[in-house]
Asks: 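Below you'll find the structure I mean.
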2 protein chains.
Amino acid sequence: MSKEFLFKHIQKFIPFISQSEVEQIYTYFTELNLKKKEIVQHEEELCRSMLFVCKGCLHSYYIKDNGSLQTLDFAIESWWICDYMAFENSSLSDLTIQAVETSIVLSLSRESLDALLQHHPVMEQYFRRIFQRSYAAAQKRVQFLYQYSREELYFHFASHYPEFVQRVPQYLLASYLGFTPEYLSEIKKNSLR
Amino acid sequence: MSKEFLFKHIQKFIPFISQSEVEQIYTYFTELNLKKKEIVQHEEELCRSMLFVCKGCLHSYYIKDNGSLQTLDFAIESWWICDYMAFENSSLSDLTIQAVETSIVLSLSRESLDALLQHHPVMEQYFRRIFQRSYAAAQKRVQFLYQYSREELYFHFASHYPEFVQRVPQYLLASYLGFTPEYLSEIKKNSLR
DNA sequence: TTGTTTTATTAAACCTGTTTAAGTTTTTTG
DNA sequence: CAAAAAACTTAAACAGGTTTAATAAAACAA
């Protein structure tokens with residue numbers, strides 16, 4: 001159940017929060033049940049909400065000039081996903097957000113976030129930690145993109161997140177790592193010898 | 001003066017903060033005066049502090065396998081710079097942080113940050129906003145890295161931050177954008193015709 | 001369970017950006 | 001101000017990864 005999942009998650013960041021306060025906090029969220037391939041956020045539409053994944057897997061992507069799909073982020077259980085620049089500016093999203101698997105997510109609108117922070121200031125600390133951690137990860141991601149060849153990126157990722165490599169289609173993984181599915185086939189072929 | 005600069009900056013994020021509270025907050029920081037090319041944070045040394053630039057320009061970089069320098073981030077007035085992953089884990093920094101120009105920065109150690117947040121919880125909001133904004137920018141950066149060719153990246157950057165292109169050496173800019181100084185020369189040559 | 005759609009593989013031709021190495025210009029320093 | 005160091009330019013050979021197009025395998029729906 002998504003309320004219980006959110007409670008356990010928030011508790012990891014704010015250990016002394018009570019069940020009853022999270023009950024209150026939960027009312028600011030809206031639960032969404034998504035079918036596989038269902039789209040939550042369309043490109044060029046207003047970005048209203050941040051999405052928290054309770055179950056399943058989502059990804060954000062845009063369509064490149066040549067018509068192919070570029071995945072920018074994945075989110076699995078207990079991760080947030082959003083076009084944060086568009087969210088902050090309440091502007092049109094550059095990205096589409098789609099369920100990779102059948103998923104359950106909690107949606108938090110801009111207005112709800114503002115109200116939530118006003119009425120539960122302890123959540124400032126929660127989000128400070130979430131964004132700090134996310135920014136640190138994004139920084140490392142840029143570092144890896146510069147530091148490693150495409151082949152190294154794949155092996156690095158595959159050894160750190162083996163379950164994840166099983167979980168998503170390879171063409172999405174290739175896209176996320178910044179190369180073509182054809183090249184991923186080649187990498188795998190070469191690695192067998 | 002760095003105290004006044006910090007006050008004005010924090011006020012942009014927390015409008016109702018008083019001068020006297022910022023006086024208190026300021027005591028958690030240490031002012032550093034850096035000569036051009038001086039190194040604040042060495043690679044493979046413990047990352048103890050986040051750095052806030054009051055005046056000047058810093059960059060973070062690492063040395064690639066082929067011996068050349070890879071700049072990951074720049075910070076000018078009112079920006080923070082740090083290897084956040086190393087800072088959070090109090091582990092060894094992957095990055096060197098160096099002054100590009102003679103600079104004045106405020107250093108905030110991990111212990112000081114913790115104490116600051118404990119005694120001035122209003123700063124949770126400040127840092128939540130800072131990290132949210134930084135993460136949004138980092139996300140867009142990854143998007144641009146995927147979306148644009150090297151040449152497009154340069155023109156995009158040059159048109160958005162013309163003063164900055166003047167301010168830093170071109171080989172650092174090329175490195176930041178993910179290509180070689182030789183290729184930047186070529187881009188500029190081709191654009192003249 | 002069969003037909004249809006989606007995902008993965010293979011290989012050759014190609015292209016964007018790198019490497020190397022030399023020369024030129026600009027900036028810094030004594 | 002002169003000398004040295006740092007930054008920038010040029011061009012040719014090269015490499016990492018893409019594109020295209022065709023085939024094969026797997027997943028899905030009727």
Side-chain angles (χ1 to χ4, degrees), chain A residues 35-39 56-57 59 61 63-71 74 98-102 144-158 164-193, chain B residues 34-39 56-57 59 61 63-71 74 98-103 144-158 164-193:
Chain A
K35 279 179 290 195
K36 186 169 175 172
K37 304 224 168 178
E38 190 173 341
I39 290 175
C57 177
H59 77 311
Y61 68 86
I63 301 298
K64 289 196 284 190
D65 291 345
N66 65 13
S68 70
L69 178 158
Q70 176 63 60
T71 284
F74 285 109
Q98 185 193 39
V100 176
E101 307 168 355
T102 302
F144 289 165
L145 283 173
Y146 283 147
Q147 182 154 211
Y148 294 139
S149 70
R150 298 318 191 187
E151 186 168 358
E152 286 170 330
L153 273 181
Y154 171 71
F155 287 119
H156 183 268
F157 192 85
F164 195 76
V165 173
Q166 296 303 320
R167 196 165 166 180
V168 305
Q170 292 197 354
Y171 73 96
L172 287 186
L173 185 62
S175 169
Y176 176 72
L177 295 176
F179 48 84
T180 60
E182 291 83 357
Y183 193 57
L184 178 48
S185 278
E186 200 156 302
I187 290 173
K188 290 174 69 184
K189 185 178 60 173
N190 293 338
S191 76
L192 295 179
R193 286 178 290 110
Chain B
L34 304 174
K35 279 179 291 195
K36 187 170 175 171
K37 304 225 169 175
E38 188 172 341
I39 289 175
C57 177
H59 76 314
Y61 68 87
I63 301 299
K64 289 196 284 188
D65 291 345
N66 65 12
S68 70
L69 178 158
Q70 175 63 59
T71 285
F74 285 108
Q98 186 192 38
V100 176
E101 306 168 356
T102 302
S103 303
F144 288 164
L145 283 173
Y146 283 148
Q147 184 156 211
Y148 294 140
S149 70
R150 298 318 191 188
E151 185 166 359
E152 286 170 330
L153 272 181
Y154 172 70
F155 287 118
H156 183 268
F157 193 84
F164 195 76
V165 172
Q166 296 302 319
R167 196 166 168 180
V168 305
Q170 293 196 353
Y171 73 98
L172 288 186
L173 186 61
S175 170
Y176 175 73
L177 295 176
F179 49 83
T180 61
E182 291 83 358
Y183 193 57
L184 179 48
S185 276
E186 200 154 302
I187 290 171
K188 290 174 69 183
K189 186 178 59 170
N190 293 338
S191 75
L192 294 180
R193 288 178 289 110

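Below, chains carry the letters A, B, ... as their sequence lines are ordered, and counting in each starts from 1. None of the values given here were measured: they were computed from a predicted structure.
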Asks: Would you tell me if any nitrogen or oxygen in the side chain of B:Thr180 comes within less than 4.0 Å of OP1 or OP2 on C:dG17?
Replies: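 So the side chain of B:Thr180 is outside the cut-off, no N or O lying under 4.0 Å from OP1 or OP2 of C:dG17.
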Asks: Without decimals, in angstroms, what is the distance between A:Arg150 CZ and C:dT16 C1'?
Replies: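 In whole Å, C:dT16 C1' lies 12 Å from A:Arg150 CZ.
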Asks: Whole-Å distance between C:dA8 C1' and A:Leu173 CG?
Replies: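 These atoms are roughly 13 Å apart.
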Asks: Report the distance from atom CG of A:Asn66 to atom C1' of D:dG17, rounded to the nearest whole Å.
Replies: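 After rounding, the reported distance stands at 14 Å.
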Asks: To the side chain of A:Phe179, which of D:dC8, C:dT20, D:dG17 is closest?
Replies: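 In terms of side-chain proximity for A:Phe179, the closest of D:dC8, C:dT20, D:dG17 is D:dG17.
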Asks: Just how far, in rounded Å, is C1' of D:dG17 from CG of A:Leu184?
Replies: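 After rounding, the gap between these two atoms is 13 Å.
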Asks: Checking contacts here: which listed nucleotide (D:dC8, D:dT20, C:dA8) is nearest the side-chain heavy atoms of B:Pro169?
Replies: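 The nucleotide sitting nearest to the side chain is D:dC8.
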Asks: Where does the angle between the aromatic ring planes of A:His156 and A:Tyr148 fall among parallel (under 30°), tilted (30 to 60°) and perpendicular (over 60°)?
Replies: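 Rings of A:His156 and A:Tyr148: tilted, as their planes differ by 30° to 60°.
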Asks: Under 4.0 Å between a side-chain N/O of A:Tyr183 and OP1 or OP2 of D:dT18, yes or no?
Replies: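 Checking D:dT18 against A:Tyr183, no side-chain N or O comes under 4.0 Å of OP1 or OP2.
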Asks: Sub-3.5 Å donor-acceptor pair from the side chain of B:Gln98 to the main-chain atoms of B:Ile39, do we have one?
Replies: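 No, the answer is negative, given that no donor and acceptor are paired below the 3.5 Å cut-off.
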Asks: Of the nucleotides D:dT10, C:dA11, D:dC28, which one has an atom closest to the side chain of B:Glu182?
Replies: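 Taking heavy atoms from C-beta onward, the closest nucleotide is D:dT10.
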Asks: Just how far, in rounded Å, is P of C:dT28 from CD of B:Glu101?
Replies: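 Checked: the CD to P distance equals 11 Å.
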Asks: Do side-chain atoms of A:Tyr146 reach the backbone of B:Tyr176 as a donor and acceptor pair under 3.5 angstrom?
Replies: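 Such a contact is found between A:Tyr146 side chain and B:Tyr176 backbone.
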Asks: Run the numbers on B:Phe155 and B:Ser191 for side chain to side chain contact (heavy atoms under 4.5 Å, CB included), then give the verdict.
Replies: CA-CA 10 Å; B:Phe155 287 118; B:Ser191 75; 3.5 Å; yes
Asks: Applying a 4.0 Å non-hydrogen cut-off, can you work out what B:Lys36 is touching in the nucleic acid: base, sugar-phosphate, or nothing?
Replies: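 The residue B:Lys36 makes sugar-phosphate contact but no base contact.
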Asks: Side chain of A:Lys37, heavy atoms from C-beta onward: which of C:dT9, C:dT7, C:dA21 has the nearest atom to it?
Replies: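 Ranking C:dT9, C:dT7, C:dA21 by closest atom to the A:Lys37 side chain puts C:dT7 first.
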Asks: Over how many whole Å does the gap from A:Lys188 atom NZ to C:dT7 atom C1' extend?
Replies: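 Whole-Å distance recorded here is 11 Å.
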Asks: Just the rounded figure in Å: distance from C1' of D:dT9 to CD1 of B:Ile187.
Replies: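 Whole-Å distance recorded here is 14 Å.
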Asks: Can you tell me the distance, in whole Å, between the CD atom of A:Gln166 and the P atom of C:dA8?
Replies: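 Interatomic distance, CD of A:Gln166 to P of C:dA8: 12 Å.
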Asks: Between B:Phe74 and B:Phe164, is the gap from one ring center to the other below 6.0 Å?
Replies: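 Ring centres of B:Phe164 and B:Phe74 closer than 6.0 Å.
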Asks: Given D:dC8, C:dG17, C:dA8, which nucleotide is nearest the side-chain atoms of A:Ser185?
Replies: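 My answer, after comparing the listed nucleotides, is C:dA8.
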